[in-house]
Amino acid sequence: MLATDWLGTACQGRRRLQITVLPYCIGVSSAYIGASLNAVPLWAAHALAAWCAAGLLLFWALLRSDLTEHWPDPALIFPQVLFGCSAVVLAYTLIDASRGLALLWLCLLMLFDIHRLDTRQLVLATVGSLILMLCATFLHDRLHDTRIDLISEWISLGTGAVVMPVMRQVSLKSYQMRHQMLTQRAELASTVANLERASAHDALTGLSNRHHMQALLDEEVRRLRRTEQAFCLAIIDLDHFKQINDRHGHATGDAVLQAFARVAQTALTPTDRLARWGGEEFLLLMPETGLPTAQQRLEALQQRIRAHDWSREADGLSVSFSAGLCEPGGRVPLHRDLERADRALYKAKAQGRARTVLADRT
């Protein structure tokens, strides 16, 4: 985001105003301390205090009223900068002791808002302030009893005129580098998140892939051994999927896999996890679920799949699945339970498909 892209709100303008109250208070307090030490005319301290108080109250009233929301600069950033510059110029004009610090305060003021103002606004505020300070040097002898070295003052102001544009360029370059770094960091985080998702999900269906499901199964087995809370798994295979590919084409086959994943996710409970196990095979993990409930859930899923309107994928198409259901006991390696579920799946197909068969007990 460049400086010219920044558009604040009235709320942001109020926050900026609250932040700058302290520097104004420090400047006014310093003027009164100088007056108490007879280093600053008391009337000059009063004038500076009145100017700062009036300006801050005016900005606060405008920003609190939300009248500025439809203005080109809702946060009144540029007017606040101009007001700050005027306060610096006023102190430079009325208080001799502030002359050495005026350019420093002006630089700090520009740095504070350098990324919220465009180049034209910065040039206007900077050049305008320096010109007013230059005019103040000619009025000095009329306002003060002491005389100043005009040449030295003009050299100081000229130095400020050179330093501030350089300071802007350096600061802007630093800001752009930081913004680029933050953008690259965000893009890197997004890329890592996408890679993590891609490594855990099937690209076609959006379901968990085999690798991720294997990790979920391992975690569920560890939980079973720790808490003895049962869980079930089922290997699901779409019936006659090869015929669907041969008859309607692979694009239709892919659409069937995607539709099955969508329908299944709406039919299952939030705790169930479905993964594409390979080809037209899916693995369903049902935590904290016994065999009777798991079987009912698969039967309900079968009904949802058969009731789905598959004509959107291909005319005359109907889809069902066969499943092998297993309840691991945690006493044997997980791959043995998967083999049991796989054998039950083959039995379901041998018995006519479109059904769920329970795996043999270990």
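A distance-only check finds no donor-acceptor pair linking the side chain of Ser190 to the backbone of Ala186 [under 3.5 Å]. Between the side chain of Thr293 and the main chain of Gly290, no donor-acceptor pair closer than 3.5 Å is present. In terms of modelled atom types and a separation under 3.5 Å, the side chain of Thr227 and the main chain of Leu224 share no donor-acceptor contact. Listed for the Gln80 side chain is a donor-acceptor partner under 3.5 Å among the backbone atoms of Ala75. In this structure a side-chain-to-backbone donor-acceptor pair under 3.5 Å is present from Arg14 to Leu63. Between the side chain of Ser311 and the main chain of Asp309, no donor-acceptor pair closer than 3.5 Å is present. Side-chain atoms of Arg276 come within 3.5 Å of backbone atoms of Gly279 as a donor-acceptor pair (strictly under, hydrogens ignored). Counting only distance, with no hydrogens or angles, the side chain of Arg273 and the backbone of Leu285 share no donor-acceptor pair below 3.5 Å.
Nearest heavy-atom pair, Trp310 versus Leu317, reported as atom, atom and distance to 0.1 Å: CB-O, 3.3 Å. Taking each heavy atom of Ala10 and Thr68 in turn, the nearest pair found is CB-OG1, 3.8 Å. Taking all atoms of both residues into account, the shortest heavy-atom contact from Ala275 to Leu207 is CA-CB, 4.2 Å. Minimum heavy-atom separation, Pro74 to Glu69: CG-O, 3.9 Å. Residues Thr289 and Cys232 come closest through the heavy atom pair O-SG, 3.3 Å. Listed here is the closest heavy atom pair of Trp277 and Met213: CZ3-CG, 3.8 Å.
We find the CG-OH distance between Leu132 and Tyr92 to be 11.0 Å, quoted to the nearest 0.5 Å. Considering CG of Leu257 and CZ of Arg262, their distance stands at 11.0 Å, rounded to 0.5 Å. The CZ atom of Arg306 sits 7.0 Å away from the OG atom of Ser318 when rounded to the nearest 0.5 Å. How far CG of Leu325 is from CZ of Arg355: 15.0 Å, rounded to the nearest 0.5 Å. Separation of atoms CD (Gln296) and CG (Leu291) is listed at 11.5 Å; rounding is to 0.5 Å.
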Query raised in the report: Could you walk me through whether Ser322 and Asp237 pass the side-chain hydrogen bond (donor to acceptor under 3.5 Å, both in side chains) check?
Result: CA-CA 5 Å; Ser322 303; Asp237 187 90; over 6 Å; no
Requested in this report: Evaluate side-chain hydrogen bond (donor to acceptor under 3.5 Å, both in side chains) for Gln229 paired with Arg223, printing each intermediate quantity in order.
Outcome: CA-CA 7 Å; Gln229 180 65 57; Arg223 193 181 63 81; 5.2 Å; no
Report task. Begin from the C-alpha positions of Thr266 and Arg304 and carry the test side-chain hydrogen bond (donor to acceptor under 3.5 Å, both in side chains) through to its verdict. Result -> CA-CA 9 Å; Thr266 61; Arg304 290 285 295 274; 3.1 Å; yes
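Taking the six-membered ring for Trp and thresholds of 30 and 60 degrees, Tyr24 and Phe83 have ring planes inclined between 30 and 60 degrees apart. Using bins of under 30°, 30° to 60° and over 60° for the plane-to-plane angle, the ring pair Phe260/Phe321 lands in the perpendicular bin.
Ionic pairing of Lys242 and Asp246 is present here: one or more N-O contacts between side-chain nitrogen and carboxylate oxygen are shorter than 4.0 angstrom.
Each of Arg343, Lys347, Arg340 was evaluated against Asp360; a single residue qualifies, Lys347, per the side-chain hydrogen bond (donor to acceptor under 3.5 Å, both in side chains) test.
Applying the side-chain hydrogen bond (donor to acceptor under 3.5 Å, both in side chains) test to Thr252 and every residue at least two apart in sequence or in another chain returns nothing.
Thr205 and Asp202 share a side-chain donor-acceptor pair at under 3.5 Å.
For the pair Tyr32 and His46, the minimum side-chain heavy-atom distance is below 4.5 Å. Side-chain contact between Val256 and Asn245 is absent, with no heavy atoms from C-beta onward closer than 4.5 Å.
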